[in-house]
Amino acid sequence: MFHSGNIFICFYSSHCFFLLIRAADSPNRTFVFVVCSIQRSCLHHFLSNVVTMDTKKPEGLKIKREIGLIGGIALISGTMIGSGIFMSPQFVLSYAGSPGASLLIWTISGIVSMLAALCYTELGTIIPESGGDFIYILRIYGSFPAFFAAFTLVLVLKPFADAATAISIAEYAAAPFYTDCSPPTVVVKCAAAFSLFLVAIINVLNVRLAIRIQVIFLVAKVLALTTIVVGGLVKLSQSTDRIVENLNVENSFTGTQFSLSTFGMAFSQGLWSYSGWFSLSYVTEELKRPEVNLPRAVVIAISLVTTLYLLVNVSYLTVMTPRELMSSTAVAVTWGNKVLGSWGWIMSLAAALSAFGSLNGTFFSGGRVCFVAAREGHMPDILSMAHVHRLTPSPALIFTTVVSLIVLIPGDFQSIVNYFSFTAWFFYAITLSGLIYLKIKKPELPRPYNVPIIIPILVLIAAIFLVLAPIVDSPQIEYLYVTLFIISGVIVYIPFIHYKVCPGILNKLTVFLQLFLEVAPADKNL
């Protein structure tokens with residue numbers, strides 16, 4: 001890139017260049033794009049004249065810091081409170097085998113999520129860049145392992161998470177219209193695709209709009225969960241038979257499964273409902289005063305979610321027997337039909353809206369992984385650009401939408417959760433080991449926030465267990481497929497990242513997309 005004053009010239013080929021002019025009276029809003037075909041001799045003459053215009057170096061295009069403390073809390077807790085608490089309780093109870101064990105799983109999952117988030121908070125203050133696991137692995141271990149993290153996050157983890165959440169939105173939204181049977185698969189998939197499109201449009205248009213929607217939906221879902229808790233208390237005041245039967249000391253742990261595989265699966269389903277504890281680490285550059293707001297948002301958000309989850313599960317058990325809960329395809333709807341009667345459809349609506357808020361948060365943070373990876377040279381250049389007016393990473397968000405739609409076609413909720421948890425905690429383990437390495441080898445690094453070294457060690461042990469336990473206790477061919485997919489990234493890394501081979505057609509495509517989408521390269525906001 002060549003720049004002089006308010007004029008930027010980005011070279012793409014031997015004859016074409018991209019001219020971007022920033023207006024002096026409105027530097028963050030008005031740009032003019034010109035693509036010229038010009039001989040190099042004329043170009044050099046033009047540049048010599050341009051240099052004399054203005055020698056003041058301009059500030060590059062940056063994504064603004066729009067997220068405050070409230071927005072940070074909404075992004076974390078709003079992403080966590082989604083489809084999981086409405087869909088996972090039956091799976092957790094099925095794998096755990098007893099009500100007492102299931103509540104214990106929910107509690108442990110909350111504690112592990114809190115400790116893991118605090119570890120990421122320290123990393124976020126040491127490495128104050130967006131990108132989450134990818135950027136932490138890149139700065140600690142280097143380009144090679146970081147590429148595999150980006151490759152898996154962008155093509156597997158984030159799209160699978162978006163697709164799973166979209167499926168849950170569709171199932172709950174369609175439930176009131178199919179009271180006697182399950183909604184048709186075509187209806188569910190189409191509704192899920194519409195949800196993905198809607199969230200993509202919101203996030204592409206405006207960062208502030210996306211955060212405001214996240215706050216609004218957080219308030220709505222907290223009210224919905226509070227309704228479940230209050231409804232459980234009302235039922236409890238009317239009769240204590242059900243809660244005594246489910247949670248007394250003698251019966252609460254009857255039937256508990258002690259297999260490593262079943263415990264690991266129950267733990268994975270519980271942690272799925274807490275997925276989102278890492279959200280702020282993906283958008284650190286967009287967070288105001290991250291050294292202050294990052295730890296505060298993490299503690300407040302996860303404490304709120306853990307408390308609500310435990311109370312909601314107790315409320316479920318005050319109304320339903322374990323058998324009823326495990327056989328339910330939509331726990332919140334079943335609860336609503338028993339407690340609210342003819343108004344039970346409200347729970348379907350509340351669950352769908354809750355999942356939509358979670359999808360918005362997942363999409364908001366997940367799109368930044370693709371954006372940052374491209375900015376660091378691990379993805380095509382076009383994905384590292386931001387819209388010149390809206391200051392959103394629109395190419396990365398569009399790409400994430402396309403991949404999520406592809407994943408949506410064959411996917412179902414339970415398999416997505418299992419594979420997501422397996423691959424996600426593999427990279428969480430690598431990131432946590434990096435924090436331990438920094439604590440031992442580089443204690444002199446400035447740390448506005450610091451956790452005792454025992455915390456990342458404990459979370460690392462939990463992460464290793466979540467990766468290995470299901471494989472060791474009950475091997476399945478799908479785990480091999482996922483592993484081979486991750487390893488296959490080396491086919492892309494060696495020519496395109498290590499040797500930086502760039503086909504000519506990719507340059508032409510970048511020029512076309514940059515003009516079509518009105519985007520330009522974005523600098524880091526540190």
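Of all heavy-atom pairs between Ala170 and Val188, the closest is CB-O, 3.1 Å. Summarising the geometry of Val204 relative to Ser394, their closest heavy-atom pair is CG1-CB, 3.8 Å, with the distance given to 0.1 Å. Of all heavy-atom pairs between Leu432 and Cys119, the closest is CD2-CB, 3.6 Å. In terms of heavy atoms, Asp162 sits closest to Leu359 at O-CD1, 3.6 Å. Closest of all the heavy-atom pairs between Phe426 and Val467 is N-CG2, 3.5 Å. Between Pro159 and Val403, the shortest heavy-atom distance links the atoms CG-CG1, 3.4 Å.
Judged by distance alone, the side chain of Ser237 and the main-chain N or O of Val234 form a donor-acceptor pair under 3.5 Å. Counting only distance, with no hydrogens or angles, the side chain of Lys189 and the backbone of Ile409 share a donor-acceptor pair below 3.5 Å. At least one donor-acceptor pair closer than 3.5 Å links the side chain of Ser358 to the backbone N or O of Thr79. When atom types are taken as modelled, the side chain of Thr306 and the backbone of Ser303 share no donor-acceptor pair closer than 3.5 angstrom. Side-chain atoms of Arg65 come within 3.5 Å of backbone atoms of Thr284 as a donor-acceptor pair (strictly under, hydrogens ignored). For Ser315 (side chain) and Leu311 (main-chain N/O), no donor-acceptor pair under 3.5 Å exists by modelled atom type. The main-chain N or O of Thr321 is found under 3.5 Å from a side-chain atom of Glu324 such that the two form a donor-acceptor pair. The backbone N or O of Ala173 sits nowhere less than 3.5 Å from a side-chain atom of Ser348 that would complete a donor-acceptor pair. Using a distance-only test at 3.5 Å, with no hydrogens or angles considered, no donor-acceptor pair links the side chain of Lys158 to the main chain of Phe363. Remark: the backbone N or O of Glu122 is paired with a side-chain donor or acceptor of Thr125 at under 3.5 angstrom.
For the atom pair CG of Leu408 and OG1 of Thr401, the computed distance is 12.0 Å after rounding to the nearest 0.5 Å. From Leu75, atom CG reaches atom CG of Leu218 across 10.5 Å, with rounding to the nearest 0.5 Å. Summarising the geometry, atom OG belonging to Ser365 is positioned 9.5 Å from atom CG belonging to Asn360; distances are rounded to the nearest 0.5 Å. Atom CD1 of Ile228 is separated from atom CG of Leu223 by 11.5 Å, given to the nearest 0.5 angstrom. Taking CG of Asn313 as the start and CG of Leu325 as the end, the distance is 8.0 Å to the nearest 0.5 Å. Between Ile135 atom CD1 and Leu123 atom CG the span is 12.0 Å, to the nearest 0.5 Å.
Taking the six-membered ring for Trp and the full ring otherwise, Phe267 and Trp425 have centroids separated by 6.0 Å or more. In this structure, Tyr95 has its ring center no closer than 6.0 Å to that of Phe263. Checked against the 6.0 Å centroid criterion, the rings of Phe134 and Phe427 do not qualify as a close aromatic pair.
In this structure, the side chains of Tyr449 and Leu294 stay at 4.5 Å or more apart for every pair of heavy atoms. Side-chain contact check for Leu397 versus Phe371: every heavy-atom pair is 4.5 Å or farther apart. For the pair Val207 and Lys64, the minimum side-chain heavy-atom distance is 4.5 Å or more. Looking at Leu198 and Ser195, their side chains never come closer than 4.5 Å, going by heavy atoms from C-beta outward. By the 4.5 Å heavy-atom criterion applied to side chains, Val372 and Glu129 are not counted as neighbours. Residues Val299 and Leu118 are in side-chain contact: their nearest non-hydrogen atoms beyond the backbone lie under 4.5 Å apart. Side-chain contact between Ile67 and Val283 is present, with at least one heavy-atom pair separated by less than 4.5 Å. The shortest distance between side-chain heavy atoms of Ser354 and Ile81 falls below 4.5 Å.
Residue-environment remark: CZ (Arg212) stays at or below the threshold of 12 foreign heavy atoms within 6.0 Å.
Using a cutoff of 4.0 Å between basic side-chain nitrogens and carboxylate oxygens, Arg368 and Glu285 are not scored as salt-bridged. A salt bridge is absent between Lys288 and Glu66; no separation between the charged side-chain nitrogens and carboxylate oxygens falls under 4.0 Å.
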**Message:** One pair to check against side chain to side chain contact (heavy atoms under 4.5 Å, CB included): Trp335 and Leu340. What are the steps and the verdict?
**Reply:** CA-CA 8 Å; Trp335 182 94; Leu340 303 178; 4.3 Å; yes
**Prompt:** Can Val229 and Leu225 be said to form a side chain to side chain contact (heavy atoms under 4.5 Å, CB included), step by step?
**Reply:** CA-CA 6 Å; Val229 173; Leu225 294 181; 5.5 Å; no
**Request:** Take Leu69 and Arg296, measure what side chain to side chain contact (heavy atoms under 4.5 Å, CB included) needs, and give me the verdict at the end.
**Result:** CA-CA 8 Å; Leu69 178 60; Arg296 288 180 179 176; 3.8 Å; yes
**Request:** Could you walk me through whether Asn525 and Glu286 pass side chain to side chain contact (heavy atoms under 4.5 Å, CB included), step by step?
**Result:** CA-CA 8 Å; Asn525 190 4; Glu286 299 175 57; over 6 Å; no
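The aromatic rings of Tyr274 and Trp106 are tilted relative to each other, their planes meeting at an angle between 30° and 60°. The aromatic rings of Phe151 and Phe485 sit parallel, their planes meeting at an angle under 30°, below the 60° perpendicular limit.
For the residue pair Asp133 / Thr431, a side-chain donor-acceptor distance below 3.5 Å is found, with atom types taken as modelled.
When each of Thr392, Ile211, Ile213 is tested with Phe364 by the rule side chain to side chain contact (heavy atoms under 4.5 Å, CB included), just one qualifies, namely Ile211. Of the candidates Trp277, Phe465, Tyr136, Tyr428 forms a ring-ring contact (aromatic ring centres under 6.0 Å, His included) with just one, namely Trp277.
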